[in-house]
Amino acid sequence: MRPIDTAHRGGSARRAPRVFAAAALAAVLTLTATACGPEEDGAISEPSSSTGQSSDGKVTIPDDLKDRLKEHGIDLDKWRNGEWKNWDKDKWLREAKDYVNPVIEDLWDPDRMREADKPPENPVDNDISGDEGVTDPTPAPVEAANLQTPYHGSAPESGKLLFDGPDGSMVCSATVVQDPARPGKSNMVWTAGHCVHAGKNGGWYRNIAFVPSYNDSGLSAAELQNASKEEVAPYGVWWGQWAQTSEQWISQGAATGGQGAPYDFAVLQVTPEKGSTGKSLEETVGSALPVGFDAPAVPEIDSMTATGYPAAPPFDGQKALQCTDEPGRLAVFEQQPTMYRIGCTMTGGSSGGGWVANGQDGKPALVSNTSIGPVTAGWLAGPRLGKEAKGIYEAVSKKYAGQ
């Protein structure tokens, strides 16, 4: 990744952090029961049967899983004919065994991808103390800079995450990461937990799909209105075949206030929308980042670079941006781990985007992801990746080892 200039640190008023997933207009709704919280260090119980992949690359649904989903009012036999547009907010899917994200070809067409860029409608703007635990002075805002085009040449691992919630289409950011079980052939993507699961008051989102190097040439919103799918998604659309977030996010996560934020991470295994070409996601984009679970202590890190597709004003969600800053520490709650924090003016939609720093070996690695930021942009915070994150990462890798 190509960093931008590092800004100095300074003080400013603390504001309430909010989760940075951006909800769009209440357009077409769909199902992505994304999977599940860990039982121990990120490990999950194996469902009695799981989704598979047919020869054309589409996810297949076992009959017993269909029966369980019908208990939630979901009939997958009618799914592809449009019943996925109906969503009962009281029938969120939360259980690991209920994970299903059937590929619906061309659901994410250029228009729908472009329109999934709206910010949350009810932001909260009250102060938080941030005085518990270890908290450094609030960083001075760092102006987000446009990622150099083509994005694939600057940050080939980065992309946009699309999904549907009860209130409409939504957008986050995500990063291709290495798979220890499949060196050089990873289909794993890292993002924020709140980009796959609504937390304690909800469940798994629907139709989760990853678009690497979305709008690779940096076209304007006006230009994108006439752009082809190849221009919008030059490396294809990759559907979330399996996803996993932390038990802490599922039980504590909330849209505002930072609850569950230190555990706000998720890992997905993805599959190509148009069926297998014989190439993995890593081979398709040409790169995947290692994940650093032993990043140096904050005082030893000179800079971190966050990349994402901010969608709330003044941004429109169509372009990739970056911020680079010397990290500080933020303790939202005394009994929870301290988070990383940097100055950055990126807004809603940048959530889930990877934070890159040099690891213990001196090489770039993903060490965090955007989780929370103030209502008025100025800084971002992301979780430190410890044993819970490592457990989830290894469990998702193991699930698809050998495939």
Side-chain angles (χ1 to χ4, degrees), residues 32-53 59 62 65 68 93-101 157 161 163 172 174-199 203-205 208 210 238-253 260-271 280-282 288-295 337 352 354 365-369 371 382-403:
T32 289
T34 314
C36 79
E39 291 182 346
E40 182 179 358
D41 289 349
I44 61 168
S45 57
E46 189 71 10
S48 57
S49 64
S50 61
T51 58
Q53 186 171 344
V59 175
L65 180 54
R68 292 199 299 271
L93 295 171
R94 296 181 64 90
E95 301 299 325
K97 65 182 182 180
D98 291 337
Y99 173 79
V100 61
N101 189 44
E157 309 88 359
L161 197 72
F163 53 102
C172 273
T175 308
V176 183
V177 293
Q178 294 179 0
D179 182 348
R182 303 184 71 208
K185 297 183 178 181
S186 174
N187 286 315
M188 291 176 63
V189 173
W190 192 284
T191 189
H194 73 260
C195 297
V196 299
H197 193 288
W204 305 104
Y205 290 118
I208 299 177
F210 175 65
W238 297 71
W239 285 69
Q241 192 171 10
W242 183 258
Q244 194 167 332
T245 187
S246 68
E247 186 177 72
Q248 292 90 339
W249 175 258
I250 291 174
S251 62
Q252 303 171 25
Y263 301 95
D264 185 14
F265 38 74
V267 182
L268 299 94
Q269 281 275 0
V270 297
T271 188
S280 65
L281 175 60
E282 181 177 0
L289 284 173
V291 183
F293 300 102
D294 58 351
L366 184 143
V367 296
S368 186
N369 57 262
S371 173
R384 299 191 70 172
L385 305 182
K387 66 177 183 178
E388 294 85 1
K390 187 176 182 180
I392 289 171
Y393 175 73
E394 292 178 345
V396 174
S397 173
K398 182 179 179 181
K399 183 176 177 66
Y400 285 85
Q403 295 188 26

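Scope of the values below: all heavy atoms of this structure, side chains included, with no hydrogens, waters or symmetry mates. The first residue in the sequence is number 1, and the count goes up from there.
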Going by heavy atoms in the side chains, are [X] and [Y] under 4.5 Å from each other?
X	Y	answer
Val291	Trp190	yes
Gln269	Val396	yes
Asn369	Pro383	yes
Leu385	Tyr393	no
Glu388	Phe265	yes

Inset, instruction - Applying side-chain hydrogen bond (donor to acceptor under 3.5 Å, both in side chains), run through Asn187 and Ser280 and close with a yes or a no. - result: CA-CA 6 Å; Asn187 286 315; Ser280 65; 4.8 Å; no
Check whether any side-chain N or O of [X] sits under 3.5 Å from a backbone N or O of [Y] as a donor-acceptor pair, and report yes or no.
X	Y	result
Asp264	His194	yes
Ser186	Val177	yes
Ser246	Tyr263	yes

Looking at every heavy atom in both [X] and [Y], which two are closest together, and how far apart are they?
X	Y	value
Gly260	Trp249	O-CE3, 3.5 Å
Gly240	Val270	CA-CG1, 4.2 Å
Ile208	Cys195	CD1-O, 4.4 Å
Gly199	His197	N-ND1, 2.8 Å

Can you tell me how far [atom2] of [Y] sits from [atom1] of [X], rounded to the nearest 0.5 angstrom?
X	Y	atom1	atom2	answer
Gln178	Ser397	CD	OG	11.0 Å
Met188	Lys399	CE	NZ	12.5 Å
Leu268	Trp242	CG	CH2	11.0 Å
Lys398	Asp179	NZ	CG	13.5 Å

Legend entry - Residues in side chain to side chain contact (heavy atoms under 4.5 Å, CB included) contact with Glu394, at least two apart in sequence or another chain: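 Result, side chain to side chain contact (heavy atoms under 4.5 Å, CB included) vs Glu394: Lys390.
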Legend entry - From CA spacing to verdict: side chain to side chain contact (heavy atoms under 4.5 Å, CB included), Thr191, Phe210: CA-CA 10 Å; Thr191 189; Phe210 175 65; over 6 Å; no
